[in-house]
Every structure is written in C-alpha cells, then in structure tokens.
Amino acid sequence: MDQGDQFNLSDSDSDAEEVIEFDNKTSVCERQIVAAIDFGTIYSSYAYSFKFDWTTIITQSWHDNEYLMDYKTPTSLLLKPDGSFFKFGFEAENEYARLSEDDNHKDHYFFRRFMLILKSKLTERVHRKTVCIDETGKEFNALQIFTYCIQYLKDCMLERMNIQVTGEIKVSDIDFVITVPAIWDDTAKMLMIAAAQMAGIQKEQLKIALESEAASIYCQYMHLKWDRGPNKAGFKDKLTTGFKYMVIDLGNNTADISVYERAPDGGLKQVIVPSEISWGETNVDDAFLQFFCDLIGKESMDTFKEECMEDYLDLFKNFGFLKRSVPSATSDSIKIRIPAPLSEILDDKEVMAKAIESSKYKDIIPFKKRADIFKFPYSELENFFKETCDNIKSHLDGLLKKPELADVETVLLVGGFSECYIIQEMIKKEMKDKHLILPQDPGLAVLKGAVYFGHVPNAFTTHISNYSYGVQNWPDFDPSKHPEEKKIRVGNQDRCRDVFMKFVTKGDKIKPGHRTYYILKVIKPDEDIIQCSIYLSRKPDPKFIDEKGVSCVGSLQIKLPKVDKGTSIDIEEKIFIKDTEVEVIVTELHKFREFKATFDLLSPDILKEE
C-alpha cells in the first residue's frame, strides 16, 4: 500500500530518541527538564527532554520477556494483599499470571482498564472516595491506585535520568505534564493532580494537557518531510488565523474527536465541545475473543484464562501485532498460533479439530492435526473491526454535518489504534475529501506532544467550559419571571431568593485562568457574617441554586463591619476559574478587608445527580 497517496508521512524515528526541527522558540519551562506521563486505558509510558536541548525527546522502551512493546507498558497494577504496591506494567501482568497458575492470586489486588472510571458522566463523577474494582471483584480506593501508578513511573523515570547525567537529578528539577482525554470531566483532572501530589510532585510543577491538544502540538512542531496530500502546505504552515482542523484520537477504549481554530492571538481555541464514542481497540479485542469462544467454546476459553493467564495474555499480545499488519500481496490468509496449554485443555488435537469442525467457522478454517496453527481469510480479520469501524464512521458523519465544521479541511489522525491498517483504510474512505495527516508513530503523538506542551504551554488559549458557574443573588422580585414561593420580604422590599446568577455558561469559550469580578450590595448590612458561595451545574441555564442538578462547590465566610443603621455595604467578588479549581477573593469595601478561598471539585457531595 502506498500510504503517501492520502496521508502525510514523516521520517521514521530512532529507537530511543527524536530530534525535530522547530520554529525559533525558546523553552519557557522553569526547571531543567520537562517530563510527560501518558496514561492510557491499556498502555502507559513517559518521555522527557532537557531544557538545554529540548527538541530531543527521550522515550522508554519496555521489555516483556521475548516481547518488546516499544515505548509503552500495560496500565496494569498489582498490589499485595495488604494493599501496598507490588508491581506495575508487564511485571504486574506476568507476576499475576504466575500467582494465578498456583491459585495464589485471590488475596492480591490486580487492576486493568481502571482508567474507565474517569469517564465524564455526571452520575459517575469521581471524588476522593471513588473506588476501583479489581479482577476478582475487590474494591480499592481509586486515588491511591493512581498515586501508585504515578509514583512508579516517576521513580522509574528518575532512575533512568540519573544514569544519563553526571550529578543527581531530583523531582524538584522537573516540570511534569500529565495527559488526560479532552472529554474528561474537571473532577477527573483534579483526581490526577491530587494523585500526583500524593506521589511527591508539587502542584506548581504540574500541568494537565488534553490529549488532543498534545497531539496537535506534536503535529504542529514536528518536521513533516513527506507531504503528498491534496494541499501541499505543511500543517504548521497552514496555522493562520481562522484555520480549523479536527483531531481524531483513536485509543484503546474510545475515539475522541476535537476541533480547534487558530485564534488572532496566535493560540488555539476549541470550536466544539470534544466528543467521545466508546469504540476503540478493546472492542476489536473483544471480537477476537468472541471468535475463539465461537470456535472452541466459551467454557474452554474461560478455563484457559483461569488456568493459563500468561499464555492467555500472550495470545492477545500476538493479536496486537496482527492488528497492525498490512495484508500481503501474495496471500490473503491470516495465521494464528494455538497456545499449547489451550490444546491441552481440549485434551488433544483431535478434540481441537472436532471443535473447529462443529463451529460456524468450519467452512473457512481448516485444521491439520499435526499443526500448531490455523489459518483464516483476511476478510475474517476485517470482520473483527467492522462494528467498531461502523460506529466510528457514524459518529464522524454526524459531527461533519455541524455547520461550524463546514470549513474543516484538515484532519490529524493519532492514537495507538490509528496504527492499525484496517482502521486507517476506513478513515481514508470517510475523509476522502479532507487533508489527512498521520504523523510518525501516531501512538506516541500524545506523549511527545505533551513534552512540547511543557516547553511551550501557551499554545492553547481557549477552552469550552464543562459547567455553568454562578453565585447566589437576591434580585427585586418580578412576578412575571419569579415563582411566588421564592418571594421574600427584606426590609421594605420584595426580593426573589436563591437566584442562580451566572458568570460562566456551559459551552462558553474561556481562557485559562478565566476571571470575573463584580460588586454586589449586602442586603442585610446589620448581620455579622454573610456567606459567599460558588455554584455549578451541567445545565446551560440554571435558574435557582436549589434546583436539581445545581451543586455548591464551596462557601466563603465574610465578616461584616459594624455600621450605623441605614449604611450600605458593598462587596467586590473576584472569581478565577482555573484548570482544576475555583479561587475566590472577596473584598468588603467598607473597611477593605480581603477574604480568600480555593474550592476543588473532589468532594463526594458535589454533583451527585443530574
């Protein structure tokens, strides 16, 4: 296949590091090193670069016995029976497999795919008491799980750095970037920050980068030597004011789609709220598993998994390589090696042959008694992808009908799943009239882009708010728009209580560190203390603070001075919306006393229901 016909392809990397041409930009990181940690549902890794040579990105190669998973290791965590850390990544999977074979695994905690708890559903939001369920059904605190993972990757990274340099590198010498999906709720981002702090990373050292933004930065700054698309201009050359592009991030469990526009200030802003569809590489793995269940029986596969976990995992590792293979010009068949323990579970090859002959695949899968492999048509491999491809295609069709996306002509395809030939072909057909860019190592675009983000963090200037934010207000009662039960007499005036006064609407495009301020009159100046509370809602236009779906983020107590009767008191409220928290500064304008508070979103009591 000549991929260059529709994709823009760059040179291949060296195994461990990459030197890339950049514009004349200077790193603005405050420390010697920028390090990025990319958490994926299935695989995770880290990368870093030194400030003095920040265009050289160093990545980690992870080994698994005879297998080599370049740059990434499974997002798998094994804890001891007492809940303390034991193993991470390939080591965790292999150790758990060994424990399972001797039936010594049940007291341990083994977690895979635990990132799925951070999906942005209001009724499933995360907080400090959120738990994950391990492979045997046991619960464990999610915050502690993420802390263990970050701690392991941080320590592993430090160990490697100190092998490379003379002198000692400490955590305090590093600016960290942790990637998160663009679709994630703010509370999920906060959980990652809280976990990083528990792992020994100070808050001022840490930045959160959206995966789609990191991938954008990677494609913007990397040197794309090959450019054979309909429009010959390179990606970064097209980033002029008003230019829009789509990022399709195909991951293990989801497809995340974001659209950005180049702003007049040179930054990038979100055009639409990032969207997600729960179809990714794991769905193809599920189809592969179902294929085996249909072929030899679910009971046999369950026994294989229970008794031979290591071989079971190896079967799917081999399938991972198969998914990324390009069909041969001389053969249309796919070969799968049958693990010896699976043959033993079926007693012998006679039983294996009979199982296949009685399955629905008997006409397409021949089995030879003396062989340890069986063949099936390449079209059957395509069938494993079909449902996933159809769902991603349908989602893209719906998005591209939005009028604000009519002028999107460039699409970046990134994520580990985009390395699969079959998914590439589907995207090519779906986007045949678009300028498609598939960067080198698309599975590492997010990780490497996150390192760049740490050096040039001002690349993105506008995000779309996930919430409506507001404060409580008591305006004059208006019978034409206020319900009678909300009327309350204050002094000589009828007022409406509990009104949600918005200062940010869900869907608003706001800049990092967005701030707003206003002056309010205290309606009861004879009181000693008043409460200044911040409220939020997933609804774009909440009316009252006590309606369903509105929650209080936090309250700040303001001490009022003693004043003569009839004297009014004004207060000035300044509210800063940051990536993961809300900061409030209130000044009482009679004696000019200032009160401050910072509210986070990790309380279990916030946003309980829609």
So does [X] have more than 12 non-hydrogen atoms from other groups sitting under 6.0 Å from [atom1]?
| X | atom1 | value |
| --- | --- | --- |
| E547 | CD | yes |
| R515 | CZ | no |
| Y517 | OH | no |

Quick one: salt bridge (Lys or Arg N to Asp or Glu O under 4.0 Å) partners of [X], sequence neighbours excluded?
| X | result |
| --- | --- |
| E261 | none |
| E430 | K393 |
| E419 | R324 |

Can you tell if the side chain of [X] reaches within under 4.5 Å of the side chain of [Y], non-hydrogen atoms only?
| X | Y | value |
| --- | --- | --- |
| Q205 | V171 | yes |
| T130 | L191 | no |
| E30 | E204 | no |
| Y518 | M501 | yes |
| I392 | L250 | yes |
| D134 | L79 | no |
| K72 | L444 | yes |
| F503 | E573 | no |

Give me the ring orientation class for Y218 and Y452: parallel if the planes are under 30° apart, tilted from 30 to 60°, perpendicular past 60°.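 Correct class here is parallel.
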
Nearest non-hydrogen partners of [X] and [Y], listed with the distance:
| X | Y | value |
| --- | --- | --- |
| V582 | Y469 | CG2-CE2, 3.8 Å |
| A209 | V177 | CB-CG1, 3.6 Å |
| A199 | Q151 | O-OE1, 3.2 Å |
| I150 | A196 | CD1-N, 3.7 Å |
| S418 | L413 | CB-CG, 3.6 Å |
| I545 | V499 | CG2-O, 4.0 Å |

The test is side-chain contact (heavy atoms from CB on, under 4.5 Å); show your working for V584 and F595 and say whether it passes. CA-CA 8 Å; V584 181; F595 304 86; over 6 Å; no

Straight-line distance of [X] [atom1] to [Y] [atom2], nearest 0.5 Å:
| X | Y | atom1 | atom2 | result |
| --- | --- | --- | --- | --- |
| L399 | I257 | CG | CD1 | 6.0 Å |
| F385 | D390 | CZ | CG | 13.0 Å |
| L412 | H435 | CG | NE2 | 9.5 Å |
| T254 | F417 | OG1 | CZ | 11.0 Å |
| F146 | I178 | CZ | CD1 | 10.5 Å |
| F384 | D286 | CZ | CG | 12.0 Å |

With sequence neighbours left out, write down each residue that passes ring-ring contact (aromatic ring centres under 6.0 Å, His included) with [X], or none if nothing qualifies.
| X | result |
| --- | --- |
| F140 | Y109 |
| F500 | none |
| H455 | W54 |

Is the charged tip of K487 near the ring of F477: under 6.0 Å from the six-membered ring centre and within 45° of its axis?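 Here K487 passes the 6.0 Å and 45° test against F477.
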
Do K486 and F544 form a cation-pi contact, if we require the NZ or CZ to be under 6.0 Å from the six-membered ring centre and within 45 degrees of the ring's axis?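 Pair K486/F544 counts as cation-pi.
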
Pairs in or reaching into residues 466-480: which pass salt bridge (charged side-chain N to carboxylate O under 4.0 Å, His left out), with residues at least two apart or in two chains?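 Sorted pair list: D476-R495.
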
Tell me if a side-chain donor or acceptor on [X] pairs with a main-chain N or O of [Y] at a distance below 3.5 Å.
| X | Y | answer |
| --- | --- | --- |
| E281 | G251 | no |
| K502 | P540 | yes |
| S465 | Y467 | yes |
| N141 | R128 | yes |

Go through the steps for K506 and R538 under the test side-chain contact (heavy atoms from CB on, under 4.5 Å), then give the verdict. CA-CA 7 Å; K506 179 184 178 181; R538 279 281 180 83; 4.2 Å; yes

Picking from T410, V408, L405, what satisfies side chain to side chain contact (heavy atoms under 4.5 Å, CB included) with K244?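 With K244 as partner, T410, V408, L405 yield a single side chain to side chain contact (heavy atoms under 4.5 Å, CB included), made by V408.
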
Taking side-chain hydrogen bond (donor to acceptor under 3.5 Å, both in side chains) as the test, write out the residues that go with [X], two or more places apart.
| X | result |
| --- | --- |
| T516 | none |
| T282 | N253 |
| T147 | none |
| K402 | none |

Could you go step by step and tell me if C149 and L77 meet the side-chain contact (heavy atoms from CB on, under 4.5 Å) rule? CA-CA 7 Å; C149 296; L77 177 67; 4.2 Å; yes

side-chain contact (heavy atoms from CB on, under 4.5 Å) for M246 and M431? Distances and angles first, verdict last. CA-CA 11 Å; M246 176 181 288; M431 299 289 182; 4.1 Å; yes

So, using side-chain contact (heavy atoms from CB on, under 4.5 Å) as the criterion, who are the partners of Q197 when residues are at least two apart?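 side-chain contact (heavy atoms from CB on, under 4.5 Å) list for Q197, sorted by chain: I193, K203.
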
Do S537 and K539 have side-chain N/O donor and acceptor atoms under 3.5 Å apart?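 Their side chains do not contain a donor-acceptor pair, so the 3.5 Å distance test is not met.
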
